[in-house]
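The structure appears right after this line, and notes come after that.
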Number of protein chains: 2
Amino acid sequence: MSPTHTGVTTPAELDPCGREDHPDCGIRDVLDRIGDKWSVLVIVELAGGPRRFRELQRAVDGISQRMLTLTVRRLERDGLVLRTVYPTVPAQVDYRLTDTGAGLTHLVKALADWSLAHRTVIAEARHAYDETHPDHDIR
Amino acid sequence: MSPTHTGVTTPAELDPCGREDHPDCGIRDVLDRIGDKWSVLVIVELAGGPRRFRELQRAVDGISQRMLTLTVRRLERDGLVLRTVYPTVPAQVDYRLTDTGAGLTHLVKALADWSLAHRTVIAEARHAYDETHPDHDIR
DNA sequence: CAGAATCCTTTCTGATACTG
DNA sequence: CAGTATCAGAAAGGATTCTG
């Protein structure tokens, strides 16, 4: 067949958007939304129920106040999270997933499942690569 | 990506993900892998079959040579993509998904499906938000 | 063709200080 | 409590030049 052919089965002919000119397919939309450093972690936390700002910050380990604000604002803007302000003193705010946002948790779960299922094989691949390419620095 | 190295010396408060209601542990792994600007687009393109370097660059609109190199190297390192060098002159290289990488396309498809299914409702949410918060600049 | 190496600009993040 | 406003460092990405 070919010179250096290895045992890899031919990848399935699946086109995410069903189109031949394979545009963005809208995938970038989702990834721009959940692909950042914190969004998914916030969503996961909110999947456990409504949370207040400080609760979220304590739950999502390592997030700064600024990034939590930004993250939660974007999610709100996209209609994935509902922000409710109670006119108390001091102010009290809670965040919860909208139905749309809750639907996203299924995708997140799928990602987690895949990740866990392939964690070791990927780790091994990395290790093998790093051994084969000692000088090469990818990270 | 994230400087977070999972697995090594796990602090007690960080659950190394054995539980069902705390699925975020492995998610970052996947997102660090496909959450960047180009990886998914490359994967989608490779889902259509093996591609050479230039083919990929032409197919993935807007990607620079540098980023294509980096992207494809990382995918190779993670064992998602197989890189084959043919000893011709000039050099000829092709990339194809490994079985692991091909499995990822299912996730990508799920992402695309979800994205397309919620594209309008999210767009409307954004629009509504921008109208309600004219002064606010999120993105 | 398929990169590697540089340089430079943009974007992202975290730390800090301040407010209703 | 729940933010806003700045600012500086880090990281990502792009453009260009140069090989085997």
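Convention: sequence-line order gives letters A, B, ...; per-chain numbering from 1. These values consider heavy atoms only, across backbone and side chains, with no hydrogens, waters or symmetry-generated copies.
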### Query
Once you build an axis from the first five pairs and another from the last five of the helix from dC1(C)-dG20(D) to dG20(C)-dC1(D), how far apart in angle are they, to 10 degrees?
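Answer rounded to 10°: the end axes differ by 50°.
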Between [X] and [N], does any side-chain N or O lie under 4.0 Å from OP1 or OP2?
{"X": "R51(A)", "N": "dA2(D)", "result": "no"}
{"X": "R73(B)", "N": "dA4(C)", "result": "yes"}
{"X": "Y95(B)", "N": "dG3(C)", "result": "yes"}

Does the side chain of [Y] come within less than 4.5 Å of [X]'s, by heavy atoms?
{"X": "T105(B)", "Y": "L97(B)", "answer": "yes"}
{"X": "V40(A)", "Y": "L111(A)", "answer": "no"}
{"X": "Y95(A)", "Y": "E55(A)", "answer": "no"}

### Message
Which label fits Y129(B) and H133(B): parallel for a plane angle under 30°, tilted from 30 to 60°, or perpendicular past 60°?
### Response
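Answer is parallel, since the angle falls under 30°.
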### Task
Indicate yes or no for a side-chain donor-acceptor contact from R28(B) to the backbone of W38(A) under 3.5 Å, with no hydrogens or angles considered.
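No: the side chain of R28(B) does not pair with the backbone of W38(A).
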### Query
Hey, does the side-chain of R52(A) have a donor or acceptor N/O within less than 3.5 Å of a partner on the base of dA2(D)?
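Under the 3.5 Å cut-off, the side chain and the base do not form any donor-acceptor pair.
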In whole Å, what is the span from the [atom1] atom of [X] to the [atom2] atom of [N]?
{"X": "L68(A)", "N": "dA15(C)", "atom1": "CG", "atom2": "P", "result": "14 Å"}
{"X": "Q92(B)", "N": "dA2(C)", "atom1": "CD", "atom2": "P", "result": "7 Å"}
{"X": "D137(A)", "N": "dA11(D)", "atom1": "CG", "atom2": "P", "result": "12 Å"}
{"X": "Q57(A)", "N": "dC1(D)", "atom1": "CD", "atom2": "C1'", "result": "11 Å"}
{"X": "R54(B)", "N": "dC1(C)", "atom1": "CZ", "atom2": "C1'", "result": "7 Å"}
{"X": "D36(B)", "N": "dG13(D)", "atom1": "CG", "atom2": "C1'", "result": "11 Å"}
{"X": "L70(B)", "N": "dA11(D)", "atom1": "CG", "atom2": "C1'", "result": "12 Å"}
{"X": "R58(B)", "N": "dG3(C)", "atom1": "CZ", "atom2": "P", "result": "14 Å"}

### Query
Taking it one step at a time, do L70(A) and M67(A) satisfy side-chain contact (heavy atoms from CB on, under 4.5 Å)?
CA-CA 5 Å; L70(A) 285 175; M67(A) 289 317 294; 4.0 Å; yes
### Query
Of the non-hydrogen atoms in T132(A) and P134(A), which two are nearest, and what is the gap between them?
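Answer, listing the atom of T132(A) first, then P134(A): O-CD, 3.3 Å.
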### Task
Could you check whether Y86(A) gets within reach of a base, just the sugar-phosphate, or nothing at all, counting any heavy atom under 4.0 Å?
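No contact.
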Below 3.5 Å is the cut-off: list the nitrogen or oxygen pairs between protein and nucleotides 14-20 of chain D, distance only.
from, atom 1, to, atom 2, distance (Å)
dG14(D), OP1, K37(B), NZ, 3.4
dG14(D), N7, R66(B), NE, 3.3
dG14(D), O6, R66(B), NE, 3.0

#### Entry: Carboxylate-amine/guanidinium proximity below 4.0 Å for D113(B) and K109(B)
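Looking at D113(B) and K109(B), the cut-off is met.
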#### Entry: From R51(A), Q57(A), R58(A), residue fulfilling side chain to side chain donor-acceptor pair (under 3.5 Å) relative to E45(A)
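Between E45(A) and the candidates, side chain to side chain donor-acceptor pair (under 3.5 Å) is satisfied uniquely by R51(A).
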